[in-house]
Amino acid sequence: MHTQCTVPNPQAEGRHRGGTEMADTVRVRFAPSPTGALHIGGGHTALFNWLWARHTGGKFILRIEDTDRERSTKEYEDTIMSGMQWLGLDWDEGPDTGGPFGPYRQSERLSTYREAAERLLEEGKAYRDGEAVIFKVPQGVTLAFDDMVYGHIEMQSDTLKDVVMIKSDGMPTYNYAVVIDDHTMGITHVIRGEDHISNTPKQLLIYDALGWEYPTFAHLPMILGKDKKKLSKRHGATSVYEYRDMGYMPDSVFNFLALLGWSPGENNEIFSRDEAVGLFDLARVIKKPSVFDMDKLNYINQEHLKRLPPYERLALVEPFWREMGLPVDSHSREYLAQSLVVLCGRGQTAKETAGYSDYFLTFEPVKARYDGSEIGDEQRAVLKRFNGELLALPEWKAPVMEEFTREWSTANNVKMKDIAMPLRLGITGMKVSPGVFEVAEQLGRDEVRKRLAYYNFVE
RNA sequence: GGUCCCAUCGUCCAGUGGCCUAGGACACAGCCCUUUCAAGGCUGUGACACGGGUUCGAAUCCCGUUGGGACCGCCA
């Protein structure tokens, strides 16, 4: 057990939860503003909150911070939610599911913000300027908190400017609303990006003014692009959807994101959601910002892809085949799934896998890629003899074909690759493929005969 | 500029004073396997930013320097 961890693990300590001990239960929230899709940074923050809630048996709350009237839209709210669902981050309370601490949209909690603001106004801790309500920062106060990741942090109030609580349009500002909501929603752990560390002292001031206790803070290291700058569109995909569209599995993106700023501590980098939940610990989160590394994502995705049962892999690849205009429906599910088994882990994404396997679905792309013109008369004659005998084999099985080919190449003093390569090219149109006999078996004797005949590689 | 934060291979992590001539993974290079590629196996290149302390002993603790980042909005 990690003694730094201030929150007891209910499983490990065998404590009972619920009922009157409700107050002990971990409550964390992800609070995006609906001004854009769920991007990698937001996904990372949501993920760590979710992990902590699930690990501790607590609650994961989704709160929509839609106080920017100009930029917030319902569409973005929906995309963020479906992005989270895609990643498998389910929430216990939120704008759609409801819950005992609702409403879960800031735009619907305006009265709560006003009440607290009135109180502060009456007590002389805030003042009006124009239509806005502004918090008066007291001088000479030391603001301090103990961050679960960054440790003890303190700052003098003198360096702070007064903070706007309610904007002229009646909407609360972030630094104010976040305090009111986290407190009234019973949030126990505020887990958010490191870029919020400098905001925290302002929020502390408001907790103090209202006489509220601080939640536990845990700031997460930033995710940077290859150039070590804050991740942005310039670094490629930004929304988690773009990863889905590129053929990445949600489990892989989950796994990859979990590894940014955290590790289970053992030499275990590929894990499932459930394993991550069991292993996760906020006390093991590191402080150093991490660079988003596409190569690592690719590797992780390939590992997850390899571990997938055939039909699940088929479900992932199928949309990309369709996108490529391949005749998916003219084949049986068994045939398609088996084709991917033959492909055996080739391709780092479902999209790549689809691109490597088009020849299983139709001959057309093969013809487009390969014309057989580099084969001279002499070699063609050899191929015709060999292919003729191959197609006449009593059993159309890869091991049988392979054995036959070895014997034939020795007997005829022909190099294995001189007959295997044209065969591969003729049936796949590629110089790279799985074992050519496995491909031939999967395609079937008739289809192979048809393709070879097209190139005049067989009599 | 002010305040705050960070600093181990190119990248992601391990390391919480002795087990470290610093470990794993990705990437890269080579070899093996082989009908091609992928996968797999083996090997290699490669880091504690720098300078001072503290200590019998420091990647680990302290101070400074340098370098990076964040925040300083009636955005969140």
Side-chain angles (χ1 to χ4, degrees), chain A residues 2 4 31-36 42 65-72 106 129-134 147 149-151 153-156 158-161 163-178 192-202 219 221-222 224 226 228-230 256 259-270 283-284 286-300 302-303 306 343-348 352-353 356 401-402 405-406 409 415-425 428 430-439:
Chain A
H2 298 266
Q4 302 94 313
S33 70
T35 54
E65 308 215 326
D66 56 349
T67 54
D68 185 336
R69 281 179 159 152
E70 303 279 289
R71 300 191 298 146
S72 299
Q106 289 189 327
D129 182 44
E131 299 293 294
V133 180
I134 298 173
D147 192 280
V149 174
Y150 286 87
I153 292 176
E154 58 174 64
M155 194 186 281
Q156 299 305 314
D158 306 56
T159 61
L160 266 24
K161 291 196 275 187
V163 333
V164 176
M165 305 193 313
I166 308 278
K167 298 183 264 184
S168 303
D169 67 358
M171 289 299 218
T173 60
Y174 166 74
N175 282 124
Y176 173 64
V178 74
R192 75 225 311 190
E194 184 251 47
D195 48 338
H196 285 291
I197 285 186
S198 330
N199 285 323
T200 308
K202 297 175 201 166
H219 288 89
M222 301 267 84
L224 312 176
K226 266 269 192 251
K228 303 249 185 164
K229 297 271 192 259
K230 199 171 169 180
F256 173 71
L259 247 19
L260 258 25
W262 175 77
S263 81
E266 49 203 69
N267 289 333
N268 171 23
E269 299 202 294
I270 306 296
R284 285 193 61 88
I286 63 165
K287 306 171 185 175
K288 200 182 72 162
S290 46
V291 174
F292 185 94
D293 181 13
M294 205 63 160
D295 285 330
K296 188 83 174 220
L297 207 212
N298 285 334
Y299 164 76
I300 290 174
Q302 185 164 29
E303 290 303 310
K306 282 197 292 197
L343 213 56
C344 184
R346 261 159 266 250
Q348 294 190 304
E352 246 179 54
T353 298
Y356 289 162
M401 288 185 251
E402 181 172 346
T405 306
R406 285 190 192 289
S409 70
K415 278 188 202 152
M416 185 87 163
K417 72 171 185 184
D418 286 336
I419 44 184
M421 212 52 197
L423 176 60
R424 165 175 291 113
L425 250 2
T428 69
M430 295 172 164
K431 32 185 208 281
V432 162
S433 82
V436 68
F437 305 114
E438 279 74 22
V439 173

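Letters go in sequence order (proteins before strands), and every chain restarts at 1.
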Provide the distance between the two [atom1] atoms, one in [N] and one in [M], to the nearest whole Å.
| N | M | atom1 | result |
| --- | --- | --- | --- |
| B:rA58 | B:rC50 | C1' | 16 Å |
| B:rC62 | B:rG18 | P | 16 Å |
| B:rC31 | B:rG51 | P | 39 Å |
| B:rG23 | B:rC9 | C1' | 11 Å |
| B:rA38 | B:rC32 | C1' | 16 Å |
| B:rC48 | B:rU43 | C1' | 25 Å |
| B:rA49 | B:rU11 | P | 12 Å |
| B:rU60 | B:rC20 | C1' | 11 Å |

Expressed in angstrom and rounded to an integer, what is the separation of [X] atom [atom1] from [N] atom [atom2]?
| X | N | atom1 | atom2 | value |
| --- | --- | --- | --- | --- |
| A:E303 | B:rA38 | CD | P | 15 Å |
| A:H219 | B:rC6 | NE2 | C1' | 14 Å |
| A:Q348 | B:rA38 | CD | P | 11 Å |
| A:M294 | B:rU11 | CE | C1' | 14 Å |
| A:L425 | B:rU35 | CG | C1' | 12 Å |
| A:N268 | B:rG23 | CG | C1' | 16 Å |
| A:D418 | B:rU35 | CG | P | 12 Å |
| A:I286 | B:rC5 | CD1 | P | 18 Å |

How close do [X] and [Y] get, heavy atom to heavy atom, and via which atoms?
| X | Y | answer |
| --- | --- | --- |
| A:K431 | A:L425 | N-CD1, 3.6 Å |
| A:I300 | A:F256 | CD1-CA, 3.8 Å |
| A:V164 | A:T173 | O-OG1, 2.6 Å |
| A:T67 | A:Q106 | CG2-OE1, 3.4 Å |
| A:S409 | A:K415 | CB-C, 4.5 Å |
| A:M165 | A:Y176 | O-CD2, 3.4 Å |

Check whether any side-chain nitrogen or oxygen of [X] sits under 4.0 Å from OP1 or OP2 of [N], and answer yes or no.
| X | N | result |
| --- | --- | --- |
| A:S433 | B:rA38 | no |
| A:K306 | B:rA38 | no |
| A:S263 | B:rA14 | yes |
| A:R406 | B:rU34 | no |

For [N], the Watson-Crick or wobble counterpart (both distances under 3.5 Å):
| N | value |
| --- | --- |
| B:rU3 | B:rA70 |
| B:rG18 | B:rC56 |
| B:rG51 | B:rC63 |
| B:rG40 | B:rC32 |
| B:rA25 | B:rU11 |
| B:rA76 | none |

Step through the shown structure and confirm whether more than 12 heavy atoms of other residues, nucleotides or ligands are within 6.0 Å of CD on A:Q156.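 Yes, enclosed.
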
Among the candidates B:rC4, B:rA14, B:rA38, find the nucleotide nearest to the side-chain atoms of A:Q302.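 Nearest nucleotide to the side chain: B:rA38.
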
Checking contacts here: which listed nucleotide (B:rC13, B:rC37, B:rU3) is nearest the side-chain heavy atoms of A:M155?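 Among B:rC13, B:rC37, B:rU3, the one nearest the side chain of A:M155 is B:rU3.
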
A:E269 or A:K431: which one's nearest nucleotide on RNA chain B is closer to the 5' end?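 The residue whose closest nucleotide sits nearer the 5' end is A:E269.
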
From [X] [atom1] over to [Y] [atom2], what is the distance, rounded to the nearest 0.5 angstrom?
| X | Y | atom1 | atom2 | result |
| --- | --- | --- | --- | --- |
| A:T200 | A:I153 | OG1 | CD1 | 7.0 Å |
| A:L160 | A:M155 | CG | CE | 6.5 Å |
| A:L297 | A:L260 | CG | CG | 9.5 Å |
| A:Y356 | A:T428 | OH | OG1 | 13.0 Å |
| A:L224 | A:K288 | CG | NZ | 10.0 Å |

So, does A:N298 use its side chain to make a donor-acceptor pair with the main chain of A:Q348 at under 3.5 Å?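 Not a single qualifying donor-acceptor pair exists.
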
Is there a donor-acceptor pair under 3.5 Å between the side chain of A:R69 and the backbone N or O of A:D169?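 Yes; at least one donor-acceptor contact below 3.5 Å.
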
Taking N and O atoms by type only, does the side chain of A:K296 place a donor or acceptor under 3.5 Å from a partner on the base of B:rA27?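 Between B:rA27 and A:K296, which were checked side chain against base, a qualifying N/O pair under 3.5 Å is absent.
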
side-chain contact (heavy atoms from CB on, under 4.5 Å) with A:T35: which residues, sequence neighbours excluded?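 If we apply the side-chain contact (heavy atoms from CB on, under 4.5 Å) test to A:T35, skipping adjacent residues, the hits are A:S33, A:R71, A:S72.
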
State which residues pass side-chain contact (heavy atoms from CB on, under 4.5 Å) with A:Y174; sequence neighbours excluded, sorted by chain then number.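 Applying side-chain contact (heavy atoms from CB on, under 4.5 Å) to A:Y174 gives A:E65, A:V178, A:R192, A:H196, A:N199, A:Q203.
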
Under 4.0 Å, counting only non-hydrogen atoms across every strand here, what does [X] touch: a base, just sugar-phosphate, or nothing?
| X | value |
| --- | --- |
| A:V291 | sugar-phosphate |
| A:P434 | base |
| A:G435 | base |
| A:F437 | base |
| A:L260 | sugar-phosphate |

Once base and sugar-phosphate atoms are separated, protein heavy atoms under 4.0 Å mark nucleotides 70-76 of chain B, 5' to 3', with B, S and - as BSSSBBB

Show the distances under 3.5 angstrom between N or O atoms of the protein and N or O atoms of nucleotides 30-32 of chain B.
none

Polar atom pairs (N or O), protein with nucleotides 44-47 of chain B, under 3.5 Å:
none

Under 3.5 Å, which N/O atoms of the protein pair with N/O atoms of nucleotides 7-9 of chain B?
unit_1	atom_1	unit_2	atom_2	d
B:rU8	OP2	A:K288	NZ	2.8

Is there a side-chain contact between A:E269 and A:E303 in this structure, where contact means two heavy atoms from C-beta onward sitting under 4.5 Å apart?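 No. Closest side-chain heavy atoms not under 4.5 Å.
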
Less than 4.5 Å apart, side chain to side chain, heavy atoms only: is that true for A:L343 and A:T353?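 Yes, close enough: below the 4.5 Å cut-off.
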
